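Note that the structure is predicted; figures quoted are calculated from it, not measured. Numbering of residues begins at 1 and proceeds along the displayed sequence.
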Amino acid sequence: MKNRLAWALAGILLLIGSGLALTHNLPWRYDVTFGDEMTYLASGLTYTFPPDPYLAQWGSLYAAWLRFLQVFAPDTLDLFYLNWRLLIILTGTLLFLYLYLRKLGFAVSLFCALCFQFSALNVLLDPRISAFTLCLMLAGLCVIQARNWSARTVLLLTAVTALVCAYVRPEFYVSMFIAIGLAVGTFLIPKLRRNGKGPQVLAEFAGVVVLVVLMRFLFGNPLAQDEQGSNRSFQAFVQHFSINYNTWHNRPIDIPIIEQFQLIEDVFGPDVKSLRDAARVHPDLVIKHFWTNIVNTTKAEFRVLGSLFFETPLKNLNSPYRKWMLAVLFAVVVFGFIDIPGTIRQLRSKRIRLTSKELAFLILLLPSLGSVVLVFPRTHYLYFHAVALVTIVAFLLGTIKLRAVQSPVLLGGLVSLMMIWVVFQTVQQQKEFQPTPVADNIRFIRSLSLEETVSTLEREWYRVFLYGPGQQPRWIQVESYQQNTDFGRFLNDQKVNFILMTRDMQRYFAADRGFAAFRPEAGGFRRLKAPEPGSYLLIRPELLSKDSSVSWLQKP
């Protein structure tokens, strides 16, 4: 027992160390990406307890996590990167612990966890709310694996894990109900019904029910619609059915949200407000949508598997002969070091059984398994599937029987090779300083010490980084401006005092006559050069503090 604890602690420390090395200088190697993650970041910056029930569908606990991290990183950009870094470290560490608690072996667990931690799927995941959900899910699975619980207790622990995850990603609420239902169903099986004393069993169920009610009271209903939340599931269907539909008809798939809803109305009619309505009007198209997703998901699973166990281990090994070198190495290992008959015997002896712990894993995977079919095989759904693939590969690797006697020396050698690989990969990655124009623009606007409330005209997400203590920026969407009209009057009417003219914004207004006729100085704006090549900031002078250091900024 002491040895197992020592190995577990050693693996945790190695994964934390590799994660720290992997994420060193992260803000200068990876740029900020705008998207759904910015919505969650804004929720974290404005989070109060108890939260608005609306947040129950939009990552209430994730917002609370970001609010907590803000204590250590008051600057919003620092908060963004701190969260990114911590989640990379935590996912790899918790995955190792889960695999090790499954008794898949130290070296195998370490190897698989490193492949996942260093993979592009994990490092570049967006939105990162899915990584936070995975951490909660793996933490629950580690508790389940840590002891020989009764089947009923395992299912109740699964329900609690799913409940917590549901306040990050609402689809886990369904998993919670399934787990509770199966826990209740254990009373129908005589063997399981006799397992446990009556008062203890009643207390377990009562505790879970009280927790569900308390979470519902404090945080709201994750599956709420209309009054307490938006129809998020239908919005997801609209967004991704439009992708499949336009793909079938060889049309552009990257269309605005307004056009996506218009497409649904044209195809299914104006009264369709849910997936069920769509299936009733055109079951053939809905079934085709599901089948397309199944086919694309199957292909994507193989790509994920190749990325984890081929591309990631060989990353930064750029020889054109690397595939042949790998094939030769594979043949040497298989025929030189592996006892093939012994491996086959071990594989036969380790038959997969659907235990309560395996059932818990499947229940927690159900939301992502259903989402890739009902919605679309998006990367942050496949992210959960990657853990299942890693677990399967770890199981297969654990059945391998070596010709050599497995000794501490052999184990130490394998671990040393993996650590050499970690050092090599991190050294190579530290040399890759990529342009970070978005982060540079954010650092620029954060350095201005802005006063008063910012009213920003934009189509991106820079506004999130303009939040101040107790102050939220006003966001005026570019679509509010009627094109080819008086742009200066529009700015005055909307009281706009801040416009970061990125290259994206300049392309948007490129053909607009009103913008072309607009003279910033006449409109009371000062024009400052921004770090992103070709971009600039239009700002009203009253926003700038007298103490603002803008001397290094140059007019274009």
Side-chain angles (χ1 to χ4, degrees), residues 31-35 38-39 42 45 75-77 254-259 435-556:
D31 204 4
V32 174
T33 53
F34 291 142
M38 295 297 106
T39 301
L45 296 173
D75 182 88
T76 312
L77 185 61
D254 187 15
I255 61 176
I257 295 177
I258 296 176
E259 293 183 22
T436 57
V438 175
D440 291 341
N441 278 344
I442 294 169
R443 294 185 185 100
F444 158 58
I445 63 178
R446 296 286 291 178
S447 71
L448 296 178
S449 301
L450 301 176
E451 293 185 337
E452 302 183 5
T453 299
V454 176
S455 296
T456 175
L457 176 73
E458 68 171 24
R459 55 191 256 110
E460 294 167 309
W461 289 90
Y462 285 100
R463 60 187 174 277
V464 175
F465 297 91
L466 292 169
Y467 280 72
Q471 179 175 289
Q472 298 184 31
R474 290 180 62 245
W475 173 37
I476 295 88
Q477 302 181 48
V478 292
E479 290 81 7
S480 304
Y481 165 67
Q482 185 177 351
Q483 293 187 339
N484 300 316
T485 58
D486 192 329
F487 187 72
R489 176 178 293 180
F490 168 79
L491 298 182
N492 288 329
D493 292 344
Q494 297 294 327
K495 297 182 173 55
V496 174
N497 56 20
F498 187 99
I499 314 173
L500 185 59
M501 294 300 300
T502 60
R503 287 179 292 184
D504 176 74
M505 283 280 283
Q506 292 176 54
R507 284 192 296 268
Y508 183 83
F509 287 106
D512 184 78
R513 294 191 300 272
F515 178 78
F518 174 66
R519 297 293 176 266
E521 295 77 9
F525 285 88
R526 182 179 176 186
R527 178 167 168 158
L528 302 173
K529 184 179 180 181
E532 180 189 19
S535 66
Y536 57 91
L537 171 67
L538 297 178
I539 186 171
R540 293 192 185 274
E542 57 267 22
L543 265 186
L544 292 171
S545 166
K546 293 180 181 179
D547 299 327
S548 292
S549 177
V550 294
S551 58
W552 63 275
L553 301 175
Q554 301 176 0
K555 291 185 179 181

* Asked: Out of curiosity, Q472 CD to R463 CZ, how far, rounded to the nearest 0.5 Å?
  -> 11.5 Å

* To do: Taking atom types as modelled, find out whether T502 and E460 have a side-chain donor-acceptor pair closer than 3.5 angstrom.
  => yes

* Asked: Within the distance-only criterion (no hydrogens, no angle test), does the side chain of N484 pair as donor or acceptor with the backbone N or O of D512 below 3.5 angstrom?
  -> no

* Do R526 and L544 come within less than 4.5 Å of each other through their side chains, counting heavy atoms only? -> yes

* Distance (rounded to the nearest 0.5 Å) between Q483 CD and T485 OG1 -> 8.5 Å

* **Check: M501 main-chain N/O paired with Q506 side-chain donor or acceptor under 3.5 Å** => yes

* About how many Å separate CD1 of I476 and OG1 of T456, when rounded to the nearest 0.5 Å? -> 7.0 Å

* **Min side-chain heavy-atom separation Y481-L457 under 4.5 Å** => no

* **Heavy-atom donor-acceptor pair, R474 side chain to Q494 backbone, under 3.5 Å** => yes

* To do: Please round to the nearest 0.5 Å and tell me the distance separating atom OH of Y462 and atom CZ of F465.
  => 9.0 Å

* To do: Can you measure from CD1 (I258) to CD (E479) and round to the nearest 0.5 angstrom?
  => 6.5 Å

* For the pair F509 and F487, evaluate ring pair (Phe, Tyr, Trp, His ring centres under 6.0 Å) and give the outcome as yes or no after the intermediate values. => CA-CA 10 Å; F509 287 106; F487 187 72; 5.3 Å; yes

* Nearest 0.5 Å, what's the OG1-NZ distance between T453 and K495? -> 12.5 Å

* Asked: At their closest point, which heavy atom of P541 faces which heavy atom of G524, and how far apart are they?
  -> CD-O, 3.3 Å

* To do: Side-chain contact test, heavy atoms from C-beta onward, threshold under 4.5 Å: evaluate it for N497 versus V454 and give yes or no.
  => yes

* Any side-chain heavy-atom pair from D31 and P435 closer than 4.5 angstrom? -> no

